[in-house]
Amino acid sequence: MSIWEYANPVKFLRLSERVLPALWVISFACLAIGLIWGFFFTPDDFRQGSTVKIIYLHVPSALMAINAWFMMLVASLIWLIRRHHVSALAAKAAAPVGIAMTLIALITGAVWGQPMWGTWWVWDPRLTSFLILFLFYIGYVALWSAVDDPDSAADLTSMLCIVGSVFAVLSRYAVNFWNQGLHQGASLSLDKETNVANVFYHPLLFSIAGFVCLFLALVLYRTGTEIRRRRMRALMAREVRHA
Amino acid sequence: MPDLGKYAAEVLSAYGATCVVLCVLVAATLWQGRKVRAELAQVEKNQDGKGAQDG
Amino acid sequence: MMLRVKDLTVARGGLPVLAGVSFSVDAGQAVMLRGPNGSGKTTLLRTIARLQDPVAGQIECDPDQVAYAAHSDGLKSMLSARENLRFWADVYGGGDVEAALEAFELSRLAERMAAHLSAGQRRRLGLARLLVVKRPIWILDEPTVSLDEASVALFANGVKAHLATGGLALIATHLDLGFAAERFDVSAYRATAEAVGLGASDEAFL
Amino acid sequence: MRALLLRDLILAIRAGGGFGLGLAFFLIVVVLVPFSVGPAPELLSRIAAGALWLGALLACLLSLDRILALDWEDGTLDLLATSPLPLEAALAIKALAHWLTTALPLVVAAPLFGVLLNLPAPGFFWLTVSLLVGTPALSIIGAFGAALTVGLKRGGLLLSLLVVPLYVPTLIFGAEVARRGAEGLDATGPLAMLGGITAGTIALMPFASAAVLRMALK
């Protein structure tokens, strides 16, 4: 049994029906644990004060904003190479989730930056990159909604996703070059000691797990919605054609 | 409620905004999902009915 | 030189419209595609011209031998008739523009901007393009729309000359063109609701 | 290929819009800058390089849908796709024609408009160089966007939305070259990056555009 079995919409729906309830529960549990622990039971940072609590929102959402795009890129490649409809629809389903994550990362980043940098917005390379990512997401969603035929919409958005990825990486370098930033380095890496102290690290892990599961749950559910929408379209087209 | 010190407004607004965005996203997702499910069920019912009449 | 189509299934908007189409056209032969509106003639022609992919089946013809002419003529209204033809002649590598203009009685209008030509004249100019591209396989979609009788006769002569030099033509049309041609009615191949397993893209959802 | 280039150039000239509109739009943007930020010469000379780049980019953006939209409407694209000319080459040529008719006049006009914005003296050379090196990338990326939106209703607005994020690296490096040049700093670093972007897009984008156009014509 290969993973491609689930490229069949019916099988995919059956699987997602089985997985989804557990996924919702896990994601909300992880989010609750991570955020409550982080919000109520962690000390303030000696330098950043209580704003350090924003880390439990900012870091996971920023992570998912990028991962969502990466997932869309992989799904687009699978569609272009193997032409599995579920893959294309999953990419479509992930885009609005990615937009929400990017939006959260931008808002929390700006709110965090306000006391630290003394201004709501600075054209810091990381913030700027996320803004550009946001534009890419919007263009991607707009293109999906502008093309009527679902297959050519999938084709075109997949190409946009691939070319956009290249330019997003280019933009990242360009932006770095353009303004050496105020932003601190990545908050989370494998050697946690150098970055975030333990007290902050553990709730952060829960929060990240929560965001990951929430993303998966949302994408699975939304993909199911897209599959049903597509099935409805196919049924109606058949009815018209053979009336 | 922990003491958030002088940054209370920032921290709370960050949590509030995130909550709003996530709730809107989840609500929209579920609402769309329900709607499409219902519509699809309707279409399937119609076609089955017609199929029965034809044959 | 021949065009052979075997078991071809073509789809429009994700649903198969024609299934199991097989025919062949030999050198010197013309075939008329018949069928009511929406029966899939245009889709079939576009598939044979490699503008879209077949759902299933084979098309045996060299795409470099095909000249395709659609509903719209691809004329630039800001170019004169001669310039329009000259462009396509250059793209396809040579071809006698003046002879083509002559054949469709457009020499007198050669300097006119395409914008100032009547619908029928534009159509004739679009067909004159076929003469300058020098391709043996003509795939024509409703070539006689908006042509008067005299112009249809011109077109028929053009096709006859083409066939006489070993070319072949596949023409979707409702008109009788006044030369011997085999008829091929596509409505016999209409894809039915039960025709699943053909691989059209909507099928996965039905 | 030469035939296609010539045809596109002739069409741009006869239709009249080609040279004039983009240039006029560029002028308008440049005129609007002092109205929006104030007439102080020091401020203007500081932002001149960036404002000129932005104006050129917007003027370029404005005319992108002309690359393919007209050929789509009259069926030329279908015929081109079945012609012996590879679609990759056709798109590259069309981007070149767009560059010649739209971007090149902008490059020529930019130093003149620089006077209006009080561009510092060393900036003129670097502005022209950066535009000359950078604008081909704008045209060829624009052709990709035009291929994505060909045949869509509301295509024009969507085209801008899709293309603008793709223009970011080019704008950053191009404006950086012009800015550094205007301030008398060494501008060769960003110029090399800009040249790299242009060379890369010229080499690769026609393939992506042609793939997209084939999908769109189906």
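Naming convention: chains lettered A, B, ... in sequence-line order (proteins, then strands); numbering from 1 in each chain.
For A/L131, no part lies under 4.5 angstrom from a heavy atom of chain D. Interface remark: D/A211 contributes side-chain atoms only to the contact with chain A (heavy atom separation under 4.5 Å). For a residue to count as touching a neighbouring chain, one of its non-hydrogen atoms must lie under 4.5 Å from one of that chain's; by this rule D/L166 touches chain A with backbone and side chain alike.
The heavy-atom pair separating D/P165 from A/L135 by the smallest distance is CG-CB, 3.8 Å. Taking each heavy atom of D/L161 and A/A142 in turn, the nearest pair found is CD2-CB, 3.7 Å. The minimum heavy-atom distance linking A/F167 with D/P169 is given by the pair O-CG, 4.0 Å. Looking at every heavy atom in both residues, A/A174 comes nearest to D/I172 through O-CG2, 3.6 Å. What you find for A/A146 and D/L152 is that their closest heavy atoms are O-CD2, 3.9 Å. When every heavy atom of A/L143 is checked against every heavy atom of D/L162, the shortest pair comes out as CD1-CD1, 3.9 Å.
Applying a 4.5 Å heavy-atom cutoff, none of the residues of residues 36-49 of chain D approach chain A. Among residues 135-145 of chain D, the residues having any heavy atom closer than 4.5 Å to a heavy atom of chain A are, in sequence order, D/I141, D/F144.
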Go through the steps to decide whether D/M215 and A/L80 satisfy the test side-chain contact (heavy atoms from CB on, under 4.5 Å), and finish with yes or no. CA-CA 11 Å; D/M215 293 166 175; A/L80 286 182; 3.7 Å; yes
Could you list each N or O donor-acceptor pair linking chain D to chain A at a distance under 3.5 Å?
{"residue": "D/K153", "atom": "NZ", "partner": "A/D148", "partner atom": "OD2", "Å": "3.1"}

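The number of heavy atoms from other shown groups lying within 6.0 Å of CZ (D/F207) does not exceed 12.
Considering only heavy-atom pairs separated by less than 4.5 Å from chain D, the leading option among A/L170, A/V147, A/L133, A/V163 is A/V163.
In terms of the side-chain hydrogen bond (donor to acceptor under 3.5 Å, both in side chains) criterion, D/N118 has no residue partners (sequence neighbours excluded).
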